[in-house]
Participant: 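To start, I am sharing the structure in question, which I have written as structure tokens.
Letters go in sequence order (proteins before strands), and every chain restarts at 1.
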Number of protein chains: 2
Amino acid sequence: MSELPASENDQPKKARRRSVIRENHEARILQVAEDLFARNGFNGTAVDSIAEAAGMSKQNMLYYFPSKEILYRRVLQQILDLWVEKMVLLLDQDGGEPAEILENYIRRKVDMSRTHPNGSKVFANEIINGAPYLREYLQENLIDSLEKDVALVRSWIEAGKMDPVDPYHLFFVIWASTQTYADFSTQICLVMKKDELEETDYQGASDFIANVILKGVGLR
Amino acid sequence: MSELPASENDQPKKARRRSVIRENHEARILQVAEDLFARNGFNGTAVDSIAEAAGMSKQNMLYYFPSKEILYRRVLQQILDLWVEKMVLLLDQDGGEPAEILENYIRRKVDMSRTHPNGSKVFANEIINGAPYLREYLQENLIDSLEKDVALVRSWIEAGKMDPVDPYHLFFVIWASTQTYADFSTQICLVMKKDELEETDYQGASDFIANVILKGVGLR
DNA sequence: GTCTATAAGGGGATAGAC
DNA sequence: GTCTATCCCCTTATAGAC
């Protein structure tokens, strides 16, 4: 009688409710974990502190994510899925002009720093520390899409639409410039003497980066 | 008889030899500590592993640096002294033209990433994690020198020598672009499919950043 | 799913002999 | 200055009751 057949469309209330609880708890854990990993790094974050922030006991948290490493990998995965989906490539607007495509890319990346600063910081921590957990993922996912973007930029150069710059350095500089408003926000806030960055700061950053880079590579 | 007066120019051999040992050991510890803190962060670096890399026992290491935090602060201090001395300001060449001053600044910063990548990574880790240890130092040292640099850029703009860009964003972008070749070298190596960056990569980075930014702000 | 209890180990730091 | 021995806390993770 306690055996519940795993029927899809006739799921008993009990089972359905359990899975809703699981989803809610997992989502909450992932959210606070991202925040804490961003602020304290992997080693600096105690499982206990994550559980506390999520409003449950450590043991209960470990019921959902059996180990800290598994949880960390899930946090990374969540970030990367978002980045790959929205950020990595230029190619989602084939028809546009180079200047328009590049400017949109830059503005989207700054916007990502504004809306997902913690994800960016977790990612930055990972990379600085040698990318122990996501080296493979980057090799399998980042490289190919970047190659396509590089080829696109090369085609613009060959068509005489922009200056003959090195496309790799172009992307490295765009990534660095846009992500710095998330990763180094502490330093930026410090010198700007404010507690946190405001809308206008991100706006100013987008404008500056887009203007300087587009003009700098001969697209404006 | 065992009491040695602290005379300056008549120091007994024994004391002098001891102090040489101390200096050598401290230097070696600081060096390997910078490397390990860069790769693993503060929390990810065991005192034991620093001692081992320095070729001595943990207890012996703690004789020179009584605590891990004291050692870490010294590592940070060492990096910052170097940066402040050589990097932070534009002002050491009053006579030059804006384009020349800015280009030199950019090239020096890329060079810093090449010659002191570990220092840059330790610094980056600190900032990303909210600058717990060097917030004060930055407030006392970075802000003032930046303000001077910002004022200088403003004077260039007022003199009509360059486009009216926001000087703060200019510096944030220069910092990010130049430091990324140290901090994110793992990612850069990954997509360039090489084990480490070479001379020509830094050269290419300097050229790209200097060209794009100078042209981008109307200085070329 | 959640709790109490606890195992098991790592890591920072100190005491004291030599 | 260096070594042996040790303390003790923090942290991850598991066992088992409810």
Side-chain angles (χ1 to χ4, degrees), chain A residues 2-4 6 11-30 32-33 36-37 39-76 129 132-133, chain B residues 2-4 6 11-30 32-33 35-37 39-76 125 129 132-133:
Chain A
S2 69
E3 189 154 359
L4 308 170
Q11 225 175 23
K13 272 183 187 174
K14 207 175 174 185
R16 189 184 288 148
R17 201 159 53 226
R18 241 208 321 267
S19 116
V20 168
I21 288 180
R22 173 169 279 273
E23 264 176 49
N24 287 342
H25 281 188
E26 286 188 355
R28 217 165 65 229
I29 292 166
L30 283 168
V32 300
L36 288 167
F37 284 138
R39 287 214 305 261
N40 310 119
F42 178 79
N43 290 297
T45 305
V47 171
D48 213 14
S49 69
I50 300 171
E52 193 190 346
M56 66 187 75
S57 72
K58 174 175 63 169
Q59 295 85 342
N60 196 195
M61 203 219 79
L62 286 169
Y63 169 75
Y64 294 103
F65 296 92
S67 82
K68 183 179 173 179
E69 184 179 327
I70 289 171
L71 171 58
Y72 180 68
R73 285 181 184 279
R74 281 284 301 277
V75 169
L76 273 180
N129 299 337
Y133 292 106
Chain B
S2 69
E3 190 154 0
L4 307 171
Q11 224 173 24
K13 272 183 187 174
K14 209 174 171 183
R16 188 183 290 150
R17 202 158 52 225
R18 246 211 314 271
S19 118
V20 168
I21 288 180
R22 173 170 279 272
E23 264 177 49
N24 287 342
H25 281 188
E26 285 188 356
R28 219 165 64 227
I29 293 167
L30 283 169
V32 300
D35 183 62
L36 289 167
F37 284 138
R39 288 214 304 262
N40 311 118
F42 178 79
N43 291 297
T45 304
V47 170
D48 215 11
S49 69
I50 300 172
E52 192 190 346
M56 67 186 75
S57 71
K58 174 173 65 170
Q59 295 83 345
N60 196 194
M61 203 219 80
L62 287 169
Y63 169 75
Y64 294 103
F65 296 92
S67 83
K68 183 179 172 179
E69 184 179 327
I70 289 171
L71 171 58
Y72 181 67
R73 285 182 184 278
R74 280 284 301 275
V75 168
L76 274 180
N125 264 322
N129 299 339
Y133 292 106

Participant: Nearest whole angstrom, please: distance from the P of dT11(D) to the CZ of F42(A).
Facilitator: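 From F42(A) CZ to dT11(D) P: 13 Å.
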Participant: Are any of the side-chain heavy atoms of I29(A) and M56(A) separated by less than 4.5 Å?
Facilitator: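 A side-chain contact exists here, since the closest heavy-atom pair is under 4.5 Å.
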Participant: Would you tabulate the nitrogen or oxygen pairs shorter than 3.5 Å linking the protein to nucleotides 16-18 of chain C?
Facilitator:
none

Participant: May I have the distance from L71(B) (atom CG) to dG12(C) (atom P), rounded to whole angstrom?
Facilitator: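 The distance from CG of L71(B) to P of dG12(C) comes to 11 Å, rounded to the nearest Å.
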Participant: State which of dG1(C), dA13(D), dG12(C) makes the closest approach to the side chain of V47(A).
Facilitator: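 Of dG1(C), dA13(D), dG12(C), dA13(D) is nearest to the side chain of V47(A).
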Participant: Rounded off to whole Å, could you give me the OH-to-P distance for the Y72(B) and dG12(C) pair?
Facilitator: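 Taking atom P of dG12(C) as the reference, OH of Y72(B) is at 14 Å.
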Participant: Can you tell me the distance, in whole Å, between the CD1 atom of I70(B) and the C1' atom of dA13(C)?
Facilitator: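 Taking atom C1' of dA13(C) as the reference, CD1 of I70(B) is at 11 Å.
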Participant: Taking side-chain hydrogen bond (donor to acceptor under 3.5 Å, both in side chains) as the test, write out the residues that go with Q59(B), two or more places apart.
Facilitator: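 side-chain hydrogen bond (donor to acceptor under 3.5 Å, both in side chains) check on Q59(B) returns nothing, list empty.
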Participant: To the nearest angstrom, how far is K68(A) atom NZ from dC10(D) atom P?
Facilitator: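 Atom NZ in K68(A) sits about 15 Å away from atom P in dC10(D).
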Participant: For the pair made of CG in N43(B) and P in dT11(D), what is the distance, rounded to whole Å?
Facilitator: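 So the CG-P distance, N43(B) to dT11(D), works out to 10 Å.
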Participant: Can you find a heavy atom in the side chain of V47(A) that is under 4.5 Å from one in the side chain of L71(A)?
Facilitator: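 They are not in side-chain contact.
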Participant: side-chain hydrogen bond (donor to acceptor under 3.5 Å, both in side chains) with R74(A): which residues, sequence neighbours excluded?
Facilitator: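 For R74(A), no residue satisfies side-chain hydrogen bond (donor to acceptor under 3.5 Å, both in side chains) once neighbours in sequence are set aside.
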Participant: Rounded to whole Å, please give me the gap between CD1 in I50(B) and P in dA13(C).
Facilitator: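 Going from CD1 in I50(B) over to P in dA13(C) covers 10 Å.
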Participant: Can you find a pair of side-chain heavy atoms, one from R73(B) and one from F65(B), that are under 4.5 Å apart?
Facilitator: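 No - every pair of side-chain heavy atoms lies 4.5 Å or more apart.
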Participant: According to the Watson-Crick and G-U wobble definition with distances under 3.5 Å, which dot-bracket string, read 5' to 3', encodes DNA chain D, using [ ] for crossing pairs and | for pairs with another strand?
Facilitator: ||||||||||||||||||
Participant: Taking only residues two or more places apart in sequence or in another chain, which ones pass side-chain hydrogen bond (donor to acceptor under 3.5 Å, both in side chains) with N43(A)?
Facilitator: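 With neighbours one apart ignored, the set is empty.
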Participant: Check the angle between the aromatic planes of F37(B) and F42(B) and answer parallel, tilted or perpendicular using the 30° and 60° thresholds.
Facilitator: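 If you compare the ring of F37(B) with that of F42(B), the planes turn out parallel.
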Participant: Expressed as a whole number of angstroms, how long is the span from L62(B):CG to dT6(D):C1'?
Facilitator: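 Atom-to-atom, L62(B) to dT6(D), this comes out as 14 Å.
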Participant: Count the heavy atoms of every other residue, nucleotide or ligand shown that sit under 6.0 Å from CD of E52(A), and state whether that count exceeds 12.
Facilitator: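 Atom CD in E52(A) is not crowded, with 12 or fewer foreign heavy atoms closer than 6.0 Å.
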Participant: Would you mind classifying the nucleic acid contact of T45(B) as base, sugar-phosphate or nothing, using non-hydrogen atoms under 4.0 angstrom?
Facilitator: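 Here T45(B) touches the backbone only, sparing every base.
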Participant: When you compare the protein's N or O atoms with those of nucleotides 2-6 of chain C, which come within less than 3.5 Å of each other, and at what distance?
Facilitator:
residue, atom, partner, partner atom, Å
dT2(C), OP2, N60(A), OD1, 2.9
dT2(C), OP2, N60(A), ND2, 3.0
dT2(C), OP2, Y64(A), OH, 2.7
dT2(C), O5', N60(A), OD1, 3.1
dC3(C), OP2, S57(A), OG, 3.3
dA5(C), N6, Q59(A), NE2, 2.8

